[in-house]
Enquirer: 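Can you keep this structure in mind? I'll have questions shortly.
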Amino acid sequence: MGKSTKKRIFSGIQPSGNLHIGNYLGAIKQWADIYADYDSVFCVVDYHAITVPQDPKNLQKKVIEIAKIYLASGIDPEKAIVFQQSHVRAHVELCWLLNAVSARISDLQKMTQFKDKSSDGNINISAGLFDYPVLMAADILLYNTDVVPVGDDQLQHVELARDLAKRFNHDYTNVFKLPEAKILKQGARIMGLDNPEKKMSKSVKSELNRIELLDDPKVAMKKIMKATTDLGSEIKFDIAAKPGISNLLVIYSLLAGMEIKDLEKKYTGKLYGEFKKDLAEIVAEFLTDFQKKYNQISDKAVLDILADGACRAVPIAEATLARVKKAIGIS
Ligand code: ATP
Ligand code: LTN
C-alpha cells in the first residue's frame with residue numbers, strides 16, 4: 001500500500017467533566033466535518049485528565065463516554081485512528097525528553113490555562129498541571145501532525161508545541177514537523193449561557209452555564225429559555241453590545257446550518273422569547289438525534305475500537321520516538 005499523501009490531523013479531549021455543545025461546535029464537529037480529507041488521529045487524553053483529581057472508579061467510564069461521543073459525532077474508526085493516550089507509552093516518554101531538552105519553565109509560566117486553573121491560591125496544584133502543555137506537544141509531535149483542530153482556548157498550547165518542535169529541530173536535527181492550529185471562524189469560543197462574557201466550560205459549577213451533549217433534551221430546552229440575554233429587544237449579532245444574543249445566534253447558526261445574517265432577517269421585529277423557543281427546539285432535536293446514535297454504540301464496541309486504534313498508533317509514535325532518541329544520542 002502506498003504512503004498516504006494526505007495531511008495529518010491530530011486532536012484530543014480530556015475524559016473529565018461532561019462534554020458540552022461548546023466542545024462539540026468548537027472541536028468535535030469541526031473534526032467530523034473535515035477528518036475524511038486528512039489522515040486523522042483522535043485521542044482521548046486520560047493522562048491530561050489526571051493532572052486534576054479524578055475519581056478512579058469513574059475515569060475509564062469517562063474514557064469510553066468520550067470515545068462514544070467522537071463516534072456518535074460521525075467519526076468512522078475505519079477512516080481515522082481513535083485511541084486512548086495511556087495505551088501508547090511513547091506519549092509520556094516523548095514528554096519527558098521534551099521536558100529535559102526543549103521545554104523552558106519560562107514558556108510554561110506564560111500559559112494562560114495554567115494561570116487560570118492555578119489562580120485560586122490552591123497550593124496542591126500538581127506539577128503535571130504545569131507540564132500539561134509539554135505532554136500535549138508530545139501528543140501532537142509524535143504523529144508528524146500538520147493540523148490541530150481545536151477551540152481557540154487551545155491556540156497557545158498548539159503554538160507552544162510548534163515552538164518546542166522548532167527548538168528541538170534547531171538544537172539537534174530536523175525531526176519534527178511544525179504543526180498548525182485550525183480554529184473555526186465561527187464557534188471557536190461558545191460562551192456560557194448564564195454568563196456570555198466567559199466561555200462555556202465543563203468546570204463551571206452552574207449547570208445553567210452549558211448544554212451538555214447527554215442532557216435530557218427537555219432540560220436543555222429549559223436552559224436555553226433561561227439563557228442570559230441583553231438589553232433591548234433586537235435580534236442582532238453584535239458581540240460587544242449583545243453578547244448573549246450573539247452567542248445564541250452562533251449556536252443556532254451552527255446547529256441549523258443557517259447564516260447569521262439570514263437568522264437576523266428571519267427574526268426582524270420578533271421577540272427574544274420566540275427566538276429562544278425556536279432555538280430550544282433546534283437544540284432538543286439535535287440532542288435527540290445525537291443521543292440516539294450515542295446509545296446505539298456498545299461499550300464493548302468502543303473498547304475494541306480503542307484497542308485497534310492503539311495498535312495503529314503505536315508504530316507511528318514509536319518511529320518518531322526512535323528518531324528523537326537517536327538525535328539526542330540515546331539508543
Ligand atoms: P475546562 O472547562 O475544564 O477548561 P473545557 O470545557 O475547556 O474544559 P477541554 O477538554 O479543555 O474542555 O476542551 C476540549 C476541546 O473543546 C478543545 O479543543 C477546546 O478548545 C474546545 N472547547 C472547550 N470549550 C469550548 C467553548 N466554550 N467553545 C468552543 N470550543 C471549546
Ligand atoms: N489540552 C487539550 C486536550 C489535548 C489536545 C492534545 C488537543 C491534549 N492533547 C493534542 C489537541 C491536540 C484541551 O482541549 N484541553
Side-chain angles (χ1 to χ4, degrees), residues 8-31 40-54 62-63 65-66 69-70 73 83-86 88 91-92 94-95 98 111-119 128-129 131-143 145-162 164-165 179-207 209-213 247 250-251 254 313 317:
R8 175 158 292 144
I9 278 185
F10 184 99
S11 199
I13 293 185
Q14 311 180 62
S16 60
N18 295 334
L19 287 204
H20 50 71
I21 54 166
N23 301 125
Y24 177 76
L25 296 173
I28 311 171
K29 180 176 185 293
Q30 179 183 194
W31 308 350
S40 300
V41 184
F42 299 113
C43 187
V44 182
V45 291
D46 48 351
Y47 278 164
H48 277 102
I50 58 165
T51 58
V52 296
Q54 301 294 337
K62 275 289 175 195
V63 170
E65 182 181 302
I66 304 291
I69 286 175
Y70 292 179
S73 303
F83 76 106
Q84 178 173 346
Q85 188 184 33
S86 59
V88 181
H91 291 243
V92 274
L94 181 60
C95 176
L98 290 173
M111 296 293 118
T112 37
Q113 182 171 299
F114 177 74
K115 288 195 258 180
D116 288 350
K117 293 201 170 179
S118 60
S119 63
L129 189 66
D131 201 39
Y132 178 112
V134 183
L135 179 58
M136 179 162 160
D139 298 342
I140 295 168
L141 299 177
L142 275 177
Y143 297 89
T145 303
D146 298 283
V147 179
V148 187
V150 281
D152 80 349
D153 62 309
Q154 294 300 313
L155 176 62
Q156 196 184 27
H157 288 160
V158 179
E159 282 173 349
L160 180 79
R162 190 180 167 88
L164 295 184
E180 262 177 48
K182 190 165 171 53
I183 297 193
L184 290 173
K185 286 203 181 71
Q186 203 188 63
R189 177 172 289 252
I190 300 292
M191 309 309 276
L193 297 179
D194 58 345
N195 176 7
E197 308 284 340
K198 280 199 155 177
K199 84 167 184 113
M200 185 178 282
S201 165
K202 298 176 200 166
S203 38
V204 167
K205 285 235 160 59
S206 167
E207 295 206 345
N209 174 263
R210 57 189 166 266
I211 304 285
E212 296 180 0
L213 291 172
N247 189 42
V250 170
I251 296 172
L254 291 169

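Counting starts at 1 for both ligands and their atoms, following the listed order.
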Enquirer: What distance separates Asn209 CG from Lys199 NZ, expressed to the nearest 0.5 Å?
Expert: 9.5 Å
Enquirer: Taking the six-membered ring for Trp and the full ring for Phe, Tyr or His, determine whether the centres of Tyr143 and His91 are under 6.0 Å apart.
Expert: yes
Enquirer: Taking Asn247 for the side chain and Met191 for the main chain, is one N or O donor matched with an acceptor at less than 3.5 Å?
Expert: yes
Enquirer: Could you tell me whether the side chain of Thr145 and the main chain of Pro179 form a donor-acceptor pair under 3.5 Å?
Expert: no
Enquirer: Under 4.0 Å between a Lys/Arg side-chain N and an Asp/Glu carboxylate O for Arg210 and Glu212?
Expert: yes
Enquirer: Could you tell me which residues satisfy side-chain contact (heavy atoms from CB on, under 4.5 Å) with Ser86, sequence neighbours excluded, listed by chain and number?
Expert: Asp46, Tyr47, Gln84
Enquirer: Take the angle between the ring planes of Tyr70 and Trp31 and call it parallel below 30°, perpendicular above 60°, tilted in between.
Expert: perpendicular
Enquirer: Anything with a heavy atom under 4.0 Å from ligand 1 counts, so go ahead and list those protein residues by chain and number.
Expert: Ile13, Gln14, His20, Gly22, Asn23, Gly26, Ala27, Lys117, Val150, Gly151, Asp153, Gln154, Gly187, Ala188, Arg189, Ile190, Lys199, Met200, Ser201, Lys202, Ser203
Enquirer: Listing by chain and number, which residues have a heavy atom under 4.0 Å from ligand 2?
Expert: Phe10, Ser11, Gly12, Gln14, Val45, His48, Tyr132, Met136, Asp139, Ile140, Val148, Val150, Gln154
Enquirer: Quick check for you: to the nearest 0.5 Å, what is the distance between Gln154 atom CD and Leu160 atom CG?
Expert: 11.5 Å
Enquirer: List the residues meeting side chain to side chain donor-acceptor pair (under 3.5 Å) with Arg162, not counting sequence neighbours, and say none if there are none.
Expert: none
